[in-house]
Structure formats: structure tokens, C-alpha cells
Amino acid sequence: MENIDITTNINGIQLSSCIMNASGAICRTDIELSNLLNSSSGAIVTKSCTKHPRKGNSYPRYFEWNIGSINSMGLPNYGIDFYLDFLERKKITKPVLISIAGRSIDEISFIIQKSNFCSKISALEINLSCPNLIENKNQGIVGYDFCVVSHFLEKIFRFHEKPIGLKLPPYFRDIHIENMSLILNKFPISFITCINSIPNGIFIDVNKESTVIRPNKGFGGIGGSIIKPFALANVFKFYSFLRKEISIIGCGGIQSGKDMFEYILCGASAVQIGTQLIKEGISVFDRLNQEFSSLLRKKKYSSIDDFKGKLQNIL
Ligand code: DHB
């Protein structure tokens with residue numbers, strides 16, 4: 001049987017499979033990251049890390065139901081030094097993306113500069129979409145404040161050494177994606193990852209007549225299959241507005257090889273798995289690699305370049 005090529009390239013970074021974990025999904029501890037290294041994912045992404053360790057919010061802070069998930073984790077992580085030390089100790093066999101968050105431009109700049117010394121990091125995924133990142137008027141989600149994003153990129157591209165990608169929040173208007181693309185196109189960005197969870201949802205337990213998570217009055221970021229149509233739309237729109245040199249990693253509600261295919265049809269070069277990885281565990285990568293390869297074989301495609309970004313409008 002003809003070999004199906006599911007490798008990909010994120011702006012020069014070669015991946016043996018176009019599937020990886022989403023930041024935040026079982027990628028915080030030594031064991032979780034070791035399991036990811038040993039899995040059949042094409043790359044690994046760490047939990048967003050800060051300058052100092054953080055315990056995160058009170059429990060329960062994550063909940064999932066049949067078609068979605070809600071979280072208000074509060075950035076629990078062991079701090080950048082833990083992740084750098086982990087990489088120094090481990091044999092690294094696939095690209096490693098360090099996700100970076102922080103409450104200020106200075107904190108993020110500090111972490112970027114520290115990461116420059118670690119040869120085992122392939123790229124940085126800077127999280128512009130987590131709540132509590134930088135004090136601003138848009139609920140703390142930096143990606144919603146275009147002036148702050150512009151100022152931030154001006155600063156970090158003065159001293160970066162590693163390839164830099166940005167994890168973006170979902171946008172719901174064309175003009176927002178167009179304007180964000182105009183900013184991003186001015187900088188040597190390697191990739192964007194879209195989308196982060198849809199902010200400010202609630203899920204209700206009717207028996208208890210209460211929310212299902214405790215922090216933030218029960219409000220949290222929504223993930224899982226219910227967000228997939230919004231995520232696909234963001235990938236497709238960004239693909240049409242961004243310079244072709246900026247790769248797109250799609251994220252949001254992927255559960256099957258068919259879902260992966262949809263993202264690549266919209267222009268993604270790779271995909272990330274969040275909620276489904278938490279639900280199913282590390283074997284999700286084997287299953288998705290197989291489902292995706294089978295689908296390509298059935299469609300008589302031999303690699304993702306045969307259909308990437310080629311979504312048609314129905315006639
Ligand atoms: C957290 C949630 C996010 O959506 C994110 O991008 C970063 C951190 C959190 O609550 O830990």
C-alpha cells in the first residue's frame with residue numbers, strides 16, 4: 001500500500017506527525033511531559049509557564065460534558081526554571097514548544113531571554129489569550145487589545161532568538177482578524193495557534209442549581225467540540241489574511257481524523273488536541289494518526305500539501 005505522509009513543517013520546524021497536544025492539556029508535570037515525549041505526537045507543548053511557580057485556582061477548576069469543557073485553572077505551573085531543567089535532563093526526540101504566559105510584558109520578556117539559552121527548545125508559543133496576562137481594559141485578554149499586541153511585538157522582536165509563535169483568542173468579527181493580521185504581518189512571526197478557549201462561559205448543574213467550577217464565580221474558558229465551528233472559521237480567515245510564511249496551528253474541538261482534515265482544509269499546517277487528550281489520554285495520538293492516514297488514503301491524497309488551504313465554497 002502506498003505510504004501516506006502525515007509529516008508537516010511549521011515554518012522550518014519539521015514534525016513527524018502534524019498532531020500535538022494543546023498547551024494546558026496534561027503537559028504540566030515531569031510525568032505528563034515525559035509521557036508526551038514518548039507518545040506518537042509530532043511535537044510537545046508545555047503548560048503555559050510564568051517566571052515563578054503558581055498553584056493556580058481552587059478546585060473544582062475543570063469540568064467536561066459530552067460536547068465541551070470549561071476551565072478556570074489560573075495558570076498552575078512550576079515556573080520557567082522547572083521546564084528548562086526538565087529539558088536539560090531529558091533526551092529530546094521531537095520538537096518542543098515552550099508556552100509562555102505572564103502578567104506583564106517584562107515578565108514574558110524575561111522568560112523569552114531565559115529560553116534563548118536552551119538548545120532543546122524549538123520554538124516559543126507566546127500565550128496572548130489567557131486571562132490575567134496583562135492588566136488592560138479588555139478583561140485581561142491581551143489578544144483583544146490590538147495596541148498592546150503591537151507594542152508587545154515591537155519589544156520582543158528586538159531580542160528574540162528562537163522562532164516565535166502566538167496563541168490567539170477567538171475573534172468573532174472579520175475586521176478583528178483582518179486588523180490583527182495587518183499587525184502580525186509586520187513581524188517575523190513563525191506561526192499562530194488559533195484558537196484558545198472561548199472565554200466567559202458557564203456550565204450549570206441543574207440538580208445542585210450551581211455552576212460546575214468554583215473560581216471566578218463559575219465562569220471559564222470553553223473548549224471541546226462545541227467550539228470547533230468558531231475555531232475553523234478563525235483558521236480559515238487568518239489563512240486568507242496572513243503572509244503565507246506564517247504557519248497556522250489549528251486548535252479547538254478536534255476528536256477525529258476527519259476533524260483534523262477540516263482544519264488543514266482551512267489552512268492549518270498542524271493541529272493541537274486539548275479536551276480530547278484530557279478525556280482519552282495519551283493514546284489519542286495513535287488513534288488520530290491512524291484515522292487521519294486512513295482518510296487521506298481513502299481520498300487518494302499522499303500528503304497534507306495536496307489539500308491544505310483548499311476549502312471550496314459550495315456552488
Ligand atoms: C489558563 C487558561 C488558558 O486558556 C490559558 O490560555 C492559559 C492559562 C489557566 O487558567 O491556567
Side-chain angles (χ1 to χ4, degrees), residues 20-29 32-33 44-64 68-80 82-83 97-105 107-108 111 124-136 138-145 148-149 152 164-172 180 191-203 211-224 226-228 230-231 234 249-254 272-278:
M20 69 191 90
N21 67 294
S23 178
I26 47 175
C27 55
R28 181 168 59 103
T29 66
E32 289 170 350
L33 289 166
I44 77 171
V45 190
T46 66
K47 169 68 182 169
S48 292
C49 67
T50 46
K51 185 172 177 180
H52 300 295
R54 289 172 56 91
K55 281 200 160 69
N57 293 336
S58 54
Y59 290 84
R61 58 193 187 180
Y62 177 85
F63 179 88
E64 64 194 25
S69 67
I70 182 166
N71 84 83
S72 180
M73 306 297 287
L75 267 175
N77 78 94
Y78 293 108
I80 181 62
F82 169 86
Y83 298 97
L97 278 60
I98 293 281
S99 171
I100 297 178
R103 276 149 301 157
S104 66
I105 293 180
E107 183 174 356
I108 294 177
I111 301 171
L124 308 174
E125 185 186 77
I126 298 179
N127 191 343
L128 296 185
S129 39
C130 103
N132 313 320
L133 188 60
I134 294 172
E135 291 303 320
N136 67 23
N138 288 308
Q139 304 161 336
I141 295 174
V142 182
Y144 287 154
D145 190 326
V148 173
V149 170
F152 173 73
I164 283 183
L166 304 175
K167 175 88 169 264
L168 297 175
Y171 298 100
F172 299 97
M180 181 53 70
F191 66 92
I192 62 165
T193 303
C194 49
I195 60 176
N196 204 323
S197 49
I198 298 186
N200 279 315
I202 49 171
F203 190 85
T211 60
V212 292
I213 57 170
R214 185 169 170 213
N216 205 16
K217 297 190 167 142
F219 286 76
I222 306 294
I226 51 169
I227 77 167
K228 193 183 73 171
F230 303 100
N234 273 252
I249 304 178
C251 184
I254 295 169
Q272 295 182 346
I273 316 297
T275 299
Q276 191 61 27
L277 170 58
I278 297 171

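Remember, it's 1-based here, ligands and their atoms both numbered in the order they're listed. Scope of the values below: all heavy atoms of this structure, side chains included, with no hydrogens, waters or symmetry mates.
Close N/O approach between Asn196 and ligand 1 is found [any backbone or side-chain N/O within under 3.5 Å]. For ligand 1, the polar-atom distance check against Pro76 finds no nitrogen or oxygen pair separated by under 3.5 Å. At a 3.5 angstrom cut-off on N or O pairs, Asn127 counts as close to ligand 1.
Side-chain polar atoms of Asn216 and Ser72 form no donor-acceptor pair below 3.5 angstrom. Using a 3.5 Å distance cut-off with no hydrogens or angles, the side chains of Glu125 and Ser23 do not pair a donor with an acceptor.
At least one heavy atom of Lys47 sits less than 4.0 Å from an atom of ligand 1. At least one heavy atom of Ser197 sits closer than 4.0 Å to an atom of ligand 1. Ligand 1 is approached by Gly74 to a heavy-atom distance shorter than 4.0 Å.
The aromatic rings of Phe172 and Phe230 sit perpendicular, their planes meeting at an angle over 60°, well past the 30° parallel limit.
Nearest heavy-atom pair across Cys49 and Ile80 is SG-CD1, 3.7 Å. When all heavy atoms of Thr275 and Tyr62 are compared, the pair lying nearest together is CG2-OH, 3.9 Å.
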